**Student:** 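Questions regarding the structure given below will be posed in turn.
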Amino acid sequence: MPIDTLKSLLGPLGLITEAADTAAYAEDWRKLYRGHPRAVLRPANTDELAAAVKICAAAGAKIVPQGGNTSMCGGATPSEDGSEFILSLSRMNRIRAIDPIDQTLTVDAGVTLKAAQNAAEEAGCLLPLSIGSEGTAQIGGVLSTNAGGNNTVRYGNARDLVLGLEVVLPDGEIWHGLRQLRKDNTGYCLRQLFVGAEGTLGIITAAVMKLVPQPTELAVALCAVPSPEAALALFTRFHRNDPAAIQAFEYMSGAGMEFVLRNIPGTTLPLADRAPHYALIELATPRPNAGLRAAMELVLEAALAAGDVTDAAIAESQAQRAAIWRLREEHTEAQKREGASVKNDVSVPVSKVPAFIREATLACEALMPGIRVVPFGHMGDGNIHFNLEQPVDMDGAAFLGRDHDIMDTVCAVVRKYDGSFSAEHGIGQLKPYMMPDWRGGAELAVMQRIKAAIDPAGMMNPGKVLP
Ligand code: 2HG
Ligand code: ZN
């Protein structure tokens with residue numbers, strides 16, 4: 001029995017079998033999926049993890065890798081049949097090295113994104129990846145989903161920030177790829193294969209991340225804007241003025257902001273009136289005396305004069321910056337408290353975001369009268385969370401039962417604008433059914449061949465990503 005062998009390998013801290021103790025690992029945070037793991041494996045280091053994978057491989061047992069369990073798509077939740085092991089990275093949480101000259105950070109996969117950011121900050125650097133769940137999400141999961149977040153507009157996605165990886169392959173062999181080179185053209189780029197693979201090809205156990213210098217000046221503003229078009233016009237103004245200064249450009253709908261103000265204690269709007277739409281801009285630079293505040297004022301004055309902005313609040317302190325960001329970051333929680341919601345993590349070219357929001361809104365309202373459309377997200381990179389909240393008088397389960405209708409309605413508009421049905425949250429078990437339609441033909445066939453070559457027994461995170 002693999003359980004006995006695993007028990008002697010991993011010890012009492014490394015193996016959880018009681019249902020009461022595995023429950024927290026067995027369900028996703030959105031409570032959309034609940035599985036029944038055979039057990040939860042919690043190895044203490046890469047060697048233990050590799051040995052555990054070897055034992056599972058020999059027994060034909062399937063593995064679901066799990067980091068902070070913050071997947072939006074059920075990417076880390078096991079099946080219900082009790083046959084799969086969850087492999088939790090949570091004990092592998094060492095900062096291995098930090099190099100302020102090379103500007104690199106080497107961490108175990110189980111380090112939370114927040115802890116990695118803090119380690120970078122202590123060395124005067126910035127790990128330029130910021131997502132709502134960063135306090136809980138772990139580096140391994142962040143890389144496995146190729147997370148994006150608020151700073152993609154400037155620094156790219158997780159994929160753009162990884163220089164090296166250590167990976168345990170499905171047969172238990174360790175690939176030691178923790179290189180920290182800026183140039184390394186040596187055949188196929190293996191690390192990029194594991195980034196975004198959602199644990200279906202192997203388990204990321206450590207990574208070398210790129211850092212940048214810590215900003216010394218920041219300017220954050222919240223703007224009331226009359227339309228999504230005006231929000232885009234505002235982005236274009238900032239972009240023309242100084243693209244390198246933009247660290248985040250976020251869009252929020254008036255309805256979504258109402259959800260936050262209504263459901264999240266302590267939030268207030270730092271503007272005179274409620275608005276139909278909002279934009280949040282963050283400028284940042286490591287350059288001393290860069291005059292970001294003056295640049296912010298200049299662009300906003302021009303936008304106010306042109307009517308693209310109707311009111312704006314520029315943060316005067318760190319507390320005010322945090323309060324403005326809170327209005328944005330609490331969107332997920334506020335939507336959860338309003339009832340059942342269907343998420344559409346989609347992207348379109350930046351220039352098409354306003355038309356997409358407009359048309360997708362009309363399409364959803366036509367599909368289901370009373371549906372509440374609450375789009376928000378990373379306008380500066382074209383990634384909108386086009387989320388739909390249940391009508392107030394509808395049963396939550398009945399609403400969720402329509403999830404494919406709603407997703408298909410939104411995605412028809414995404415397709416019209418040559419966008420993607422999966423921008424930054426991944427595919428998980430929520431969206432594999434969409435893969436043939438969106439990535440069919442040669443693209444899906446190559447993905448299936450890669451999967452078959454690296455994981456011929458189909459051991460790693462079954463049922464995720466590929467249909
Ligand atoms: C964000 O941008 C996250 O805050 C979550 O990607 C989005 O809740 C969501 O749909
Ligand atoms: Zn997001």
Side-chain angles (χ1 to χ4, degrees), residues 28-32 67-76 113-114 128-137 141-159 196 198 247-253 255-257 259-260 263-264 267 278-282 322 324-348 350 353 356-357 360 364 371-390 399-400 403 406-407 410-411 414 419-428 430-431:
D28 72 316
W29 74 272
R30 293 182 65 195
K31 304 204 182 302
L32 292 182
N69 200 10
T70 59
S71 172
M72 295 279 182
C73 312
L113 178 52
K114 186 82 201 143
L129 187 69
S130 168
I131 60 176
S133 56
E134 61 200 22
T136 314
V142 161
L143 287 170
S144 292
T145 44
N146 184 26
N150 303 330
N151 303 145
T152 300
V153 61
R154 173 130 156 209
Y155 305 103
N157 298 300
R159 185 183 290 300
E198 302 185 35
Q247 188 156 271
F249 191 98
E250 299 281 310
Y251 164 83
M252 289 160 278
S253 69
M257 188 67 93
F259 281 15
V260 172
N263 291 299
I264 308 295
T267 53
Y278 300 89
L280 187 165
I281 305 103
E282 179 170 276
I324 287 179
W325 266 111
R326 190 152 177 245
L327 294 171
R328 161 63 184 84
E329 294 298 23
E330 292 287 4
H331 265 62
T332 300
E333 182 57 32
Q335 292 183 4
K336 202 174 177 199
R337 293 187 192 177
E338 283 285 325
S341 65
V342 171
K343 290 183 187 294
N344 290 279
D345 164 46
V346 300
S347 62
V348 293
V350 176
V353 167
F356 162 71
I357 290 176
C364 289
I371 198 168
R372 292 174 293 162
V373 183
V374 279
F376 67 102
H378 320 292
M379 188 176 219
D381 64 45
N383 171 203
I384 295 296
H385 301 300
F386 199 86
N387 295 351
L388 288 317
E389 198 80 23
Q390 62 171 91
F399 178 73
L400 290 178
D403 62 344
I406 295 169
M407 285 157 72
V410 173
C411 282
V414 173
S420 173
F421 70 107
S422 167
E424 62 166 7
H425 294 166
I427 303 291
L430 181 67
K431 295 184 177 176

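Ligands are counted one by one from 1 in listed order, and the atoms in each one are counted from 1 as well. Predicted model, so just to flag it, every value in this text is computed and none were measured.
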**Student:** Return the residue, atom name and 0.1 Å-rounded distance of the protein heavy atom closest to atom 9 (C) of ligand 1.
**Tutor:** K343 NZ, 3.3 Å
**Student:** Under 4.0 Å from ligand 1, counting heavy atoms only, is it the side chain of E424, its backbone, both or neither?
**Tutor:** side chain
**Student:** Please report the interatomic distance CG(N151) to CG(N157), rounded to the nearest 0.5 Å.
**Tutor:** 11.0 Å
**Student:** Where is the nearest protein heavy atom to atom 10 (O) of ligand 1: which residue, which atom, and how far?
**Tutor:** N387 ND2, 2.9 Å
**Student:** If I compare all heavy atoms of G426 with all of C73, which pair ends up nearest, and what's the gap?
**Tutor:** O-SG, 3.2 Å
**Student:** Looking at ligand 1, does any of its N/O atoms fall within less than 3.5 Å of an N/O of H378?
**Tutor:** yes
**Student:** Is the backbone of V346 close enough, under 3.5 Å, to the side chain of N344 for a donor and an acceptor to pair up by distance?
**Tutor:** no
**Student:** Checking a contact table here: which protein heavy atom is nearest atom 6 (O) of ligand 1, and how many Å away?
**Tutor:** H425 NE2, 2.7 Å
**Student:** Would the distance check show the side chain of Q247 and the main-chain N or O of R154 forming a donor-acceptor pair, the cut-off being under 3.5 Å?
**Tutor:** no
**Student:** So what's near the Zn ion (ligand 2), protein N, O or S atoms under 2.8 Å?
**Tutor:** H378 NE2, H385 NE2, E424 OE2
**Student:** Only one of H378, Q335, M72, K343 forms a side chain to side chain contact (heavy atoms under 4.5 Å, CB included) with H385, so which one is it?
**Tutor:** H378
**Student:** Could you tell me whether ligand 1 has any atom less than 4.0 Å away from a heavy atom of Q335?
**Tutor:** no
**Student:** Hey, does the side chain of N387 reach the backbone of V374 with a donor-acceptor pair shorter than 3.5 angstrom?
**Tutor:** no
**Student:** Taking T136's backbone N and O only, do any of them form a donor-acceptor pair with S133's side chain (distance below 3.5 Å, no angle check)?
**Tutor:** no
**Student:** Identify, for atom 2 (O) of ligand 1, the protein heavy atom at the shortest distance, and state residue, atom and that distance.
**Tutor:** R328 NH2, 2.7 Å
**Student:** Quick check on contacts: which atoms of ligand 1 are under 4.0 angstrom from a heavy atom of T332?
**Tutor:** 4 (O), 5 (C), 7 (C), 8 (O), 9 (C)
**Student:** Of M257, H331, E250, which is the lone residue that meets side chain to side chain contact (heavy atoms under 4.5 Å, CB included) with F376?
**Tutor:** H331
**Student:** Would a distance-only check, ignoring hydrogens and angles, find a side-chain to backbone donor-acceptor pair under 3.5 Å from D403 to V342?
**Tutor:** no
**Student:** Please list, in number order, the atoms of ligand 1 under 4.0 Å from a heavy atom of M72.
**Tutor:** 5 (C), 8 (O)
**Student:** Side chain of E134, backbone of L113: donor and acceptor closer than 3.5 Å?
**Tutor:** no
